[in-house]
Student: 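Sending over a structure as structure tokens; questions will come in a sec.
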There are 2 protein chains.
Amino acid sequence: MTRAQRAVLGALAAEGPFVSAQDLHAQLRGAGDRIGLTSVYRALQALADSGDVDVLRTPSGEATYRRCGSDRHHHHLVCASCGKAVEVEAPALERWVRQVAATHEFAVDSHTLEISGRCRTCARD
Amino acid sequence: MTRAQRAVLGALAAEGPFVSAQDLHAQLRGAGDRIGLTSVYRALQALADSGDVDVLRTPSGEATYRRCGSDRHHHHLVCASCGKAVEVEAPALERWVRQVAATHEFAVDSHTLEISGRCRTCARD
DNA sequence: TTAGTTGCAAAAAGTTTGCAGCACG
DNA sequence: CGTGCTGCAAACTTTTTGCAACTAA
């Protein structure tokens, strides 16, 4: 594990919000780290490949990252306001996906489900 | 409705695959249309806003568009190879989403479910 | 010494915006 | 006329790549 990967993992507090590479870089720089943006991108890519961080694409197209509590396959409930994310497992959904795909004679490669909303704190504006 | 919107809607055959703005532009140009890339982007944005086309972001982050058969809320089963898409409605999923959100005290704004796989034709390589 | 890591600068890719000209009521 | 549409060129954003300097076994 490289220095950049350690720095990124450290900044990506477990259970925290999804953060973009740029934000993460700014955060690390702000904390005194001299890390370059390139290294942040490279570290995130490596960590995502190894499954140590989850990637989520925002509607605007930018990739955001998070260190998740579970190694298992799961989905996210994300607060559109504060970014807080909850991990949810959905065995019934997985079964349903496979069944629907079979009906249409598709072999499933992958699927994504993301729920966007407001957490209780942010809901009362 | 502008000329660009008519051209885009025409090129975006109903029930066809999801297509990027760039591909759509190339396709229209190839067919002899003198339309500019800017107009394609503007037309797609307007059509997406009015709900006449569905938008899907590919894993690489580029936006793709499709004219769907149903006006109702639905999800997609997309072939990763040929782009063919099937629309699926999932009332049970919608109920499940609301219930999970309620459990975590989230007010749901929106949710997305996309299934990526291979259709029968593409599966036999 | 050598394989891997770093960060800057530049490039790439997708999308948006400024603006002058055009079309059409 | 004037309002809105058009397309080019330029700007912008996010991400990737080339490369020379650096680091650590």
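Here is how names work: the chains are called A, B, and so on, in the same order as the sequence lines, proteins then strands, and each is numbered from 1.
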Student: Just to verify, what does A/T103 make a side chain to side chain contact (heavy atoms under 4.5 Å, CB included) with, not counting sequence neighbours?
Tutor: A/Q99
Student: Answer yes if the ring centres of A/H75 and B/H111 are under 6.0 angstrom apart, and no otherwise.
Tutor: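 Not under 6.0 Å, so no.
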Student: Heavy atoms of chain A, cut-off under 4.0 Å: which first and last nucleotide of DNA chain D, 5' to 3', fall inside that, if you could look?
Tutor: D/dT14 to D/dT17
Student: Please identify each residue that fulfils side-chain hydrogen bond (donor to acceptor under 3.5 Å, both in side chains) with B/S50, with sequence neighbours left out.
Tutor: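 Applying side-chain hydrogen bond (donor to acceptor under 3.5 Å, both in side chains) to B/S50 gives B/D52.
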Student: What residue pairs, at least two apart or across chains, pass side chain to side chain donor-acceptor pair (under 3.5 Å) with a residue in residues 33-46 of chain A?
Tutor: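 Passing the test, one end in residues 33-46 of chain A: A/Q22-A/Y41.
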Student: Applying a 4.0 Å non-hydrogen cut-off, can you work out what A/R6 is touching in the nucleic acid: base, sugar-phosphate, or nothing?
Tutor: nothing
Student: How many whole angstroms separate atom CD of B/Q45 from atom C1' of C/dT17?
Tutor: 11 Å
Student: Suppose we screen for side chain to side chain contact (heavy atoms under 4.5 Å, CB included). Which residues come up paired with A/D23, at least two apart in sequence or across chains?
Tutor: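 Here the qualifying residues are A/V19, A/S20.
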Student: For residues 72-96 of chain A, pull every pair meeting salt bridge (charged side-chain N to carboxylate O under 4.0 Å, His left out), keeping only residues two or more places apart or in separate chains.
Tutor: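 Non-adjacent pairs meeting salt bridge (charged side-chain N to carboxylate O under 4.0 Å, His left out): A/R66-A/E87, A/R72-A/E89.
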Student: Using whole Å, report how far NE2 of B/H25 lies from P of C/dT16.
Tutor: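 Spelled out: NE2 on B/H25 to P on C/dT16 is 15 Å.
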Student: Among residues at least two apart in sequence or on other chains, which ones pass side-chain hydrogen bond (donor to acceptor under 3.5 Å, both in side chains) with A/H104?
Tutor: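 With neighbours one apart ignored, the set is empty.
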Student: Can you list the residues that meet the side-chain hydrogen bond (donor to acceptor under 3.5 Å, both in side chains) rule with A/T58, with sequence neighbours excluded?
Tutor: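 A/T58: side-chain hydrogen bond (donor to acceptor under 3.5 Å, both in side chains) contacts with A/S60.
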Student: Show every salt bridge (charged side-chain N to carboxylate O under 4.0 Å, His left out) that has at least one partner inside residues 106-122 of chain B, sequence neighbours left out.
Tutor: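 Non-adjacent pairs meeting salt bridge (charged side-chain N to carboxylate O under 4.0 Å, His left out): A/E105-B/R120.
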Student: Which residues pass the side-chain hydrogen bond (donor to acceptor under 3.5 Å, both in side chains) test with B/R57, sequence neighbours left out?
Tutor: none
Student: Using a strict heavy-atom distance below 4.0 Å, which residues from residues 31-42 of chain A are in contact with DNA chain D?
Tutor: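 Residues of residues 31-42 of chain A that come under 4.0 Å of DNA chain D are, in numerical order, A/L37, A/T38, A/Y41.
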Student: Taking only heavy atoms on the protein side, list every residue of residues 46-62 of chain A lying under 4.0 Å from any atom of DNA chain D, sorted numerically.
Tutor: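 Within residues 46-62 of chain A, the residues near DNA chain D are A/E62.
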Student: Starting at atom CE of A/M1, determine the distance to atom P of C/dG4, rounded to an integer number of angstrom.
Tutor: 17 Å
